[in-house]
Amino acid sequence: MTYSKIIGVLAIQGAYFKHQKAVEKLGYKTLLVRNKQELDSVNSLIIPGGESTAMIIILKKHGMWDELKSFCKSYPVFGTCAGTILLAKKSHGLECFGEDNTFSVMDIEVVRNSYGRQVDSFKTDLEASISGSVKTIPAIFIRAPQVIGFDEQKVKVLSYCEGSPVLLQQNNCLACTFHPELTDSLDIHDYFCKL
Ligand code: GLN
């Protein structure tokens, strides 16, 4: 089998194995990305959920921050939960890292931990407009961020949960505030891989 692309999964922290499995089930080749050489070998990237502050500390400490930031400006990227926090132009709750605290590639504004603590995590079904139809997808929210603003000219909302945008797209960047990799549905990964 020959592959036209290699989907990278940032493997610093968080649920990266589950993303890798989902993408491999769809028939794509994947690579876990932990350094510059691995980043240079992929042409798209999934940034998993986990803990955005831990990822920022590790990426900055190991000199990966600027590399990733420029990668995200040039290639398709898919951020889930903490990944969305990192893709946003503005994320509230990262002020301790100074001005340069996100990759700043999507014109969205988010608030971290907006639904409360771990015990306030929840699972629900959402309607998502993807791949030309409306699909029902299961969604797990774990200490999720909330999108409180976005540029309506640039960003498309593909799904809402109780009035809040939870799946958004800007060109080749996709962001969701929940964890699609923790369910059996491959719809969102499939959509990203085809971008
Ligand atoms: N609360 C986490 C953060 O701020 C995100 C949680 C998640 O990715 N499930 O980074």
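Numbering of ligands and ligand atoms starts at 1, following listing order.
- Leu45 is listed as a side-chain neighbour of Phe71, based on a closest heavy-atom distance under 4.5 Å.
- Electrostatic pairing of Asp151 and Lys89 does not count as a salt bridge here, judged by no charged N lying under 4.0 Å from a carboxylate O.
- A salt bridge between Glu181 and Lys21 is absent, with no side-chain N of the basic residue lying under 4.0 Å from a carboxylate O of the acidic one.
- Contact annotation: the side chain of Ile137 never approaches that of Asp125 to less than 4.5 Å [non-hydrogen atoms, C-beta and beyond].
- By the neighbour-count criterion of 12 heavy atoms within 6.0 Å, atom NZ of Lys73 is densely surrounded, having more than that number from other residues, nucleotides or ligands.
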Could you list, one pair per line, each nitrogen or oxygen of ligand 1 together with any protein nitrogen or oxygen closer than 3.5 Å, giving atom names and the distance rounded to 0.1 Å?
| unit_1 | atom_1 | unit_2 | atom_2 | d |
| --- | --- | --- | --- | --- |
| ligand 1 | 1 (N) | Asn113 | OD1 | 2.5 |
| ligand 1 | 1 (N) | Arg143 | O | 3.0 |
| ligand 1 | 1 (N) | Arg143 | NH1 | 3.2 |
| ligand 1 | 4 (O) | Ser52 | OG | 3.3 |
| ligand 1 | 4 (O) | Arg112 | NE | 2.6 |
| ligand 1 | 4 (O) | Arg112 | NH2 | 3.0 |
| ligand 1 | 8 (O) | Gly50 | N | 2.8 |
| ligand 1 | 8 (O) | Gly50 | O | 3.2 |
| ligand 1 | 8 (O) | Ala82 | N | 3.0 |
| ligand 1 | 9 (N) | Ile142 | O | 2.9 |
| ligand 1 | 9 (N) | His179 | NE2 | 2.8 |
| ligand 1 | 10 (O) | Ser52 | N | 2.6 |
| ligand 1 | 10 (O) | Ser52 | OG | 2.7 |

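- The number of heavy-atom neighbours closer than 6.0 Å to OH of Tyr115, taken from other residues, nucleotides and ligands shown, is above 12.
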